[in-house]
Protein chains: 2
Amino acid sequence: MSSKVTPDPRRSLTLRDVSEASGVSEMTVSRVLRNRGDVSETTRERVLEAAKQLGYVPNKIAGALASQRVNLVAVIVPSLSNLVFPEVLSGISEELEDTGLQPVFGVTNYLEDREESVLYEMLSWRPSGVIIAGLEHSDASRAMLQNAGIPIVEIMDVDGEPVDSVVGISHRRAGLEMARAIVGAGYRRIGFLGTKMPHDHRARKRMEGFEAGLAEAGIELADREFYSGGSALLKGREMTEAILKRTPDLDFIYYSNDMIGAGGLLYCLDKGIDVPGKLGLAGFNGVDLLDGLPRRLATMDACRREIGQRAAAIIAGRSDTGLIGGAHVELTPVLQLGDTIRSR
Amino acid sequence: MSSKVTPDPRRSLTLRDVSEASGVSEMTVSRVLRNRGDVSETTRERVLEAAKQLGYVPNKIAGALASQRVNLVAVIVPSLSNLVFPEVLSGISEELEDTGLQPVFGVTNYLEDREESVLYEMLSWRPSGVIIAGLEHSDASRAMLQNAGIPIVEIMDVDGEPVDSVVGISHRRAGLEMARAIVGAGYRRIGFLGTKMPHDHRARKRMEGFEAGLAEAGIELADREFYSGGSALLKGREMTEAILKRTPDLDFIYYSNDMIGAGGLLYCLDKGIDVPGKLGLAGFNGVDLLDGLPRRLATMDACRREIGQRAAAIIAGRSDTGLIGGAHVELTPVLQLGDTIRSR
DNA sequence: ACGGCGTACGTTAGCGTTAACAGATACCGT
DNA sequence: ACGGTATCTGTTAACGCTAACGTACGCCGT
């Protein structure tokens, strides 16, 4: 790989190198590379050829500083292993595809401190917008978002006060409606299995909504348990076994996510428990993993991909909702009864 | 939110604003904010206070341009829905945690064109290093990597010629050893179910290795089928049913990933097929999802998290392997027999 | 022949930060 | 009292690019 073209392989190329190689000014090269302004067809070709020949890669750092424009969108989510977030990210990527905007992902591990530092770090690159999961942030984070002077979209959840725009579903209402459906189907001794994460506000809201829904019928949760870490499917199994041992007369279990719900379902099938006759089950999310299960778990679609798309559309300025002053998009999750809630 | 402090909420703050607010030069502010050089305790506090008060967020764009240093590491993977990659990314994040380096993720959807444009885009931010999945790239991508003048780590796979460093496993060998184990356990009529992605080189190499392993014993694949899209678990079910219908005398099925393997396993359990007596099954990856299944699928751990960690360590200059000239780290996946290969 | 206009470039002056060096002050030993 | 050193702070000049404006030239109609 002896390079005849690059004078110093250590130093990276600049516009000047391309301009010298093609015999025009740096400005003209810049114009060609950005397709801006008038350049004759012949010089355009000459410049393009030289740039390609040298293997020139523009320096966006300098470009961004000079133009005061950055084509980055900061996207901050609590986790990637949750299965939900990769789908949201896909929706964002897809929608941003041909806008010239580029998503940059950051992960907080459900930690407020980390959210704060990830946000700080990302804002220091002066992105064109921020998409961030949840409505609950530290005071400092909230202040940064407010002062950033760029569009902010908080996603996943609409139960609370957004800084700017918001796209999501009401987890409270999701829980509530699930409770109504379950009570409506005649179940009375109801248990809850969920994650122990104190900072998963959405799971918390679902449970609160769920309890409120039960309360409408004068019912209280018969039992509950929380876990953290490990394989969700396995935990679903283990916890289902444990809760049924402790409270054998349960006739329904509501899981805070589909994964542990699936584990519970597999356990019940193993043990020959009559689902949904003797015991009903429901999860949350509508992950397509469930399609492959022997029986389809009742669940509620969280509109993950669409949330990503709508949020990205707002940042890209493509949203039809009020362009200024913060859009407020509440999507409606659809209850899928599956085969694990008896139909009356 | 009437701001007494910010003069113009539209324009974002600069070092100058902080310097004026604290009565020192911009340089001193810069020093305080970066903990570099000597600053007296009193000024340091005054500056910090002013910065916090104003809500100043440094402009890394300007900083990077001036210092010619960027604390970003470009990480390029083909997909996020594969379950494998989020784990690799976690490994990277974790390892980079306290190095001052920040990973930035890009997704290619298994498309060479997209890989090229994502890479170009990322290189234009002049990152400190690149971690990229796979050894197969377009000529242009390869040229960009070679000329970037920064450490490059190709991950997941070691079967090929790396540009610089490489961390991964030999998928060819993984397939080969699985074949040997299966043949060794006495299976003879062996089928393969996999993904149709022409650009998933690693799946391809596993299959090639697998066939080579069978060939050692004079065996050929009895049947095979490929799918694309949809719920992997469900596809595993459907394809298993289809292949068993077409070739009923199969005594083993090797799946290209655990997810469809799990689907196949659930199908067999449903149908009461004797696993592993009459039919053996194996997948690939060692995802912890499998822990929750009624029976543990045989698989091979792909060392996903560790790959991420080792790759990040190389970029961070923490690797013990030869610091210059490209490290070559081949991890060894461990065969886990589970309950779906009979033990002789 | 002239002004007017459009096209195709070039020039100049930053963008906000940091590297490198240059004071300024205080303190020290002799 | 002196130079020397240590500690702190300021000044200057980039970094690589682009916005805004300037200029040269050709073409047109009258």
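Below, each value reflects all heavy atoms present in this structure, side chains not excepted, and no hydrogens, waters or symmetry copies. Computed from a predicted model, the values in this text were never measured in an experiment. Letters A, B, ... are given to chains in the order of the sequence lines, protein chains preceding strands, and every chain is numbered from 1.
Here the C1' atom of nucleotide dA19(D) and the CE atom of Met27(A) are 7 Å apart, to the nearest Å. Rounded to whole Å, atom C1' of dT9(D) lies 14 Å from atom CZ of Arg34(B). Here the C1' atom of nucleotide dA8(C) and the CZ atom of Arg36(A) are 17 Å apart, to the nearest Å. dA14(D) atom P lies 17 Å from atom CG of Leu65(A), rounded to whole Å. The CD1 atom of Ile61(B) sits 15 Å away from the P atom of dC15(C) (whole-angstrom rounding). When the C1' atom of dT17(C) is taken as reference, atom CH2 of Trp125(A) falls 12 Å away, rounded to whole Å. The interatomic distance linking Arg16(B) (CZ) with dT18(C) (P) rounds to 15 Å, in whole Å. The NZ-P distance, from Lys60(B) to dG16(C), rounds to 18 Å in whole Å.
Taking 4.0 angstrom as the limit, Thr43(B) places a side-chain polar atom (N or O) nearer than this to OP1 or OP2 of dT9(D). OP1 or OP2 of dG16(C) has not a single side-chain nitrogen or oxygen of Tyr56(B) nearer than 4.0 Å. For the pair Ser25(A) and dT11(C), the criterion of a side-chain N or O lying under 4.0 Å from OP1 or OP2 is not met. Phosphate proximity of dT18(D) to Ser30(A): present, with a side-chain N or O under 4.0 Å from OP1 or OP2. Side-chain N/O atoms of Gln68(B) include none lying less than 4.0 angstrom from OP1 or OP2 on dA14(D).
Interface remark: the Arg31(B) side chain does form a donor-acceptor pair with the dG10(D) base, using a distance-only criterion of under 3.5 Å.
Summarising the local packing, CZ of Arg16(B) is surrounded by 12 or fewer heavy atoms from other residues, nucleotides or ligands at distances under 6.0 Å.
In this structure, the nucleotide among dG16(C), dC9(C), dG16(D) sitting nearest to the side chain of Asn59(A) is dG16(D). The side chain of Ser40(B) lies closest to dC8(D), out of dC8(D), dG10(D), dA19(D). The side chain of Ala62(A) approaches dC17(D) more closely than any other nucleotide in the set dG10(D), dC17(D), dT17(C).
Counting heavy atoms from C-beta on, the side chains of Glu116(B) and Glu112(B) never come closer than 4.5 Å. Here the side chains of Ile76(A) and Ile131(A) are not in contact, with every heavy-atom distance at 4.5 Å or above.
Interatomic distance, Ile61(A) CD1 to Ser124(B) OG, rounded to the nearest 0.5 Å: 8.5 Å.
Within the 4.0 angstrom heavy-atom criterion, no nucleotide atom of any strand lies near Arg126(B). Nucleic acid contact for Asp38(B): base, since at least one base atom lies under 4.0 Å from a heavy atom of the residue.
Using a 4.0 Å cut-off between a side-chain N of Lys or Arg and a carboxylate O of Asp or Glu, Arg114(A) and Glu97(B) qualify as a salt bridge.
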